[in-house]
Enquirer: 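Structure below; questions to follow.
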Number of protein chains: 2
Amino acid sequence: MIALGPLDELVGYHLRRASSAMRMDFAETFAETPMRQVLFGVLSVVSAMPGLSQGKVAEALGIRRANMVALVNELVDLGLIARTTDHRDRRAFSLSLTQAGEAMLHEALAQIRRHEDRMLENLTTTERSTLVNLLRKIHGSTSR
Amino acid sequence: MIALGPLDELVGYHLRRASSAMRMDFAETFAETPMRQVLFGVLSVVSAMPGLSQGKVAEALGIRRANMVALVNELVDLGLIARTTDHRDRRAFSLSLTQAGEAMLHEALAQIRRHEDRMLENLTTTERSTLVNLLRKIHGSTSR
DNA sequence: TATTGTTATACTCTATAACTATA
DNA sequence: TATAGTTATAGAGTATAACAATA
């Protein structure tokens with residue numbers, strides 16, 4: 001085992017490695033499909049708050065509006081979300097899931113739960129919930 | 001507060017947000033300098049294991065050899081690490097820190113500790129160490 | 001044959017600046 | 001003037017494949 005030096009005491013380093021491990025296993029889980037972490041995030045928020053504007057969804061997920069455009073285009077092209085102009089503010093788009101989008105959300109969620117169970121098998125249920133609560137304290141954007 | 005749906009229960013999501021928050025504050029902390037998370041990682045490992053080959057340093061950090069090349073070039077150009085051919089295996093490079101590299105490692109470490117203290121001010125010392133241990137269980141590459 | 005470092009390449013993520021249409 | 005979405009662009013991270021030199 002190679003010594004890491006002071007790096008090994010830094011939270012930022014371990015966050016990067018753990019996040020990267022999750023991201024890579026997520027990608028493997030959805031290889032040969034268009035699903036990615038960030039696309040699932042959009043589906044989940046739109047499902048929870050149908051009719052929300054594109055910009056608000058981006059804000060909830062910590063995504064810049066400029067970067068949201070291609071993501072929404074992708075999901076619309078895949079037939080997973082519908083984008084309609086808000087009749088009360090014609091600058092804005094209201095997003096909602098199509099039936100295919102709802103189905104995809106639920107299918108993907110089941111796969112993601114298996115992926116997380118696999119990646120987190122060394123953590124007890126309590127540890128897992130402790131971890132989520134500690135992470136929420138760091139990024140500060142919790143919905144509760 | 002906007003509801004996130006099932007996303008809010010997923011460890012992968014919170015890892016991504018927390019890691020991203022740390023990465024962005026790190027970048028701000030070292031704005032106007034060439035220091036980045038990954039460059040600090042290389043300096044730290046090389047300092048802990050001087051003489052190690054480029055490939056071994058990459059492996060310890062979870063970096064592909066192909067991507068390591070530019071990082072080492074950058075650190076050599078900055079005068080922070082020395083790259084000498086290993087006389088026992090002339091394919092390999094032995095890496096070590098220059099004096100400037102050692103100085104930079106220690107200066108940057110002090111700044112990183114302040115950055116982490118700032119970002120993690122809502123966590124107790126115990127929570128912080130719990131977090132690191134849980135993250136180690138996920139990525140599995142610990143040096144102890 | 002296998003390994004070390006290298007080059008070339010490509011895709012994703014993320015950031016900024018400037019534009020348009022609406023408010 | 002300000003805001004929602006858009007376009008263009010650029011830097012960083014990370015992945016693969018193929019190559020030269022050496023083992």
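To find a chain, count down the sequence lines: A is the first, B the second, and so on, and within it residues start at 1.
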Enquirer: Starting from C1' on C/dT14, measure out to CZ on B/Phe26 and report it in whole angstrom.
Expert: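 Atom-to-atom, B/Phe26 to C/dT14, this comes out as 17 Å.
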Enquirer: Expressed as a whole number of angstroms, how long is the span from A/Met24:CE to D/dA15:P?
Expert: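 So the two atoms are 5 Å apart, to the nearest Å.
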Enquirer: Could you check how far CG of B/Leu71 sits from C1' of C/dG5, rounded to whole Å?
Expert: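 So the two atoms are 14 Å apart, to the nearest Å.
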Enquirer: Does a salt bridge link A/Glu59 with A/Arg65, judged by any charged N lying under 4.0 Å from a carboxylate O?
Expert: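 A salt bridge is absent here (no side-chain N lies under 4.0 Å from a carboxylate O).
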Enquirer: Considering only heavy atoms and no angle criterion, is a donor-acceptor pair shorter than 3.5 Å present between the side chain of A/Arg91 and the base of D/dT3?
Expert: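 Pair found.
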Enquirer: On DNA chain D, does the nearest nucleotide to A/Asp89 precede the nearest nucleotide to A/Arg23 from the 5' side, or the other way round? Give the residue.
Expert: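 Closer to the 5' end of DNA chain D: A/Asp89.
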Enquirer: Considering only NZ, NE, NH1 and NH2 on the basic side and carboxylate oxygens on the acidic side, decide whether B/Arg36 and B/Glu74 come within less than 4.0 Å.
Expert: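 Answer for the salt bridge query: yes.
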Enquirer: Nearest to the A/Arg65 side chain among C/dA17, C/dC13, D/dA4, which nucleotide is it?
Expert: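 Of the options given, the side chain of A/Arg65 lies nearest D/dA4.
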Enquirer: Is the closest side-chain heavy-atom distance between B/Leu15 and A/Leu135 below 4.5 Å?
Expert: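 They are in side-chain contact.
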Enquirer: Can you tell me the distance, in whole Å, between the NE2 atom of A/His87 and the P atom of C/dA21?
Expert: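 Checked: the NE2 to P distance equals 23 Å.
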Enquirer: Out of C/dT16, C/dT7, D/dG5, which nucleotide sits closest to the side chain of B/Val69?
Expert: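 Looking only at side-chain atoms, B/Val69 lies closest to C/dT7.
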Enquirer: With a 4.5 Å cut-off on side-chain heavy atoms, are B/Arg83 and B/Asn73 touching?
Expert: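 Side-chain contact under 4.5 Å: yes.
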Enquirer: To the nearest angstrom, how far is B/Glu28 atom CD from C/dT14 atom P?
Expert: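 Interatomic distance, CD of B/Glu28 to P of C/dT14: 16 Å.
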Enquirer: Would you classify A/Ser53 as touching base, sugar-phosphate or nothing, given that sugar-phosphate means primed atoms plus P, OP1 and OP2, and contacts are heavy atoms under 4.0 Å?
Expert: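 Here A/Ser53 touches the backbone only, sparing every base.
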Enquirer: Can you measure A/Gln54 atom CD to D/dG5 atom C1' for me and round it to whole angstrom units?
Expert: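 Rounded to whole Å, this separation is 6 Å.
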Enquirer: B/Phe93 has a side chain; which of C/dT6, D/dA8, D/dT14 sits nearest to it?
Expert: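 That would be C/dT6.
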Enquirer: Just how far, in rounded Å, is C1' of C/dG5 from NZ of B/Lys56?
Expert: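 Computing the B/Lys56:NZ to C/dG5:C1' distance gives 14 Å.
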Enquirer: So which one's nearest nucleotide on DNA chain D is more toward 5', A/Ser94 or B/Gly62?
Expert: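 Closest to the 5' end, via its nearest nucleotide, is A/Ser94.
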Enquirer: Below the 4.0 Å mark, does D/dT14 have OP1 or OP2 next to a side-chain nitrogen or oxygen of A/Arg16?
Expert: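 Yes, within the criterion.
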Enquirer: Can you tell me whether the side chain of A/Asp86 and the base of D/dA4 have a donor-acceptor pair closer than 3.5 Å?
Expert: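 Counting by modelled atom types and ignoring angles, no donor-acceptor contact under 3.5 Å is found here.
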Enquirer: So, does B/Arg36 get its side chain near the phosphate of D/dG13, meaning an N or O under 4.0 Å from OP1 or OP2?
Expert: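 Checking B/Arg36 against D/dG13: at least one side-chain N or O falls below 4.0 Å of OP1 or OP2.
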Enquirer: Assign A/Arg90 to base, sugar-phosphate, or nothing according to its heavy-atom contacts below 4.0 angstrom with the strands shown.
Expert: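 If one applies the 4.0 Å heavy-atom cut-off, A/Arg90 turns out to touch the sugar-phosphate alone, with no base involved.
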Enquirer: Whether A/Arg113 and A/Glu116 form a salt bridge (side-chain N of Lys/Arg under 4.0 Å from carboxylate O of Asp/Glu) is what I want to check.
Expert: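 Result for this pair is no, no salt bridge flagged.
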Enquirer: Rounded to whole angstrom units, what separation is found between the CZ atom of A/Arg88 and the C1' atom of D/dA4?
Expert: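 Those two atoms, CZ and C1', are 15 Å apart.
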Enquirer: When you measure from the side-chain N and O atoms of B/Gln37 to the phosphate of D/dA12, is any distance below 4.0 Å, counting only OP1 and OP2?
Expert: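 For D/dA12, OP1/OP2 do not have a side-chain N/O of B/Gln37 under 4.0 Å.
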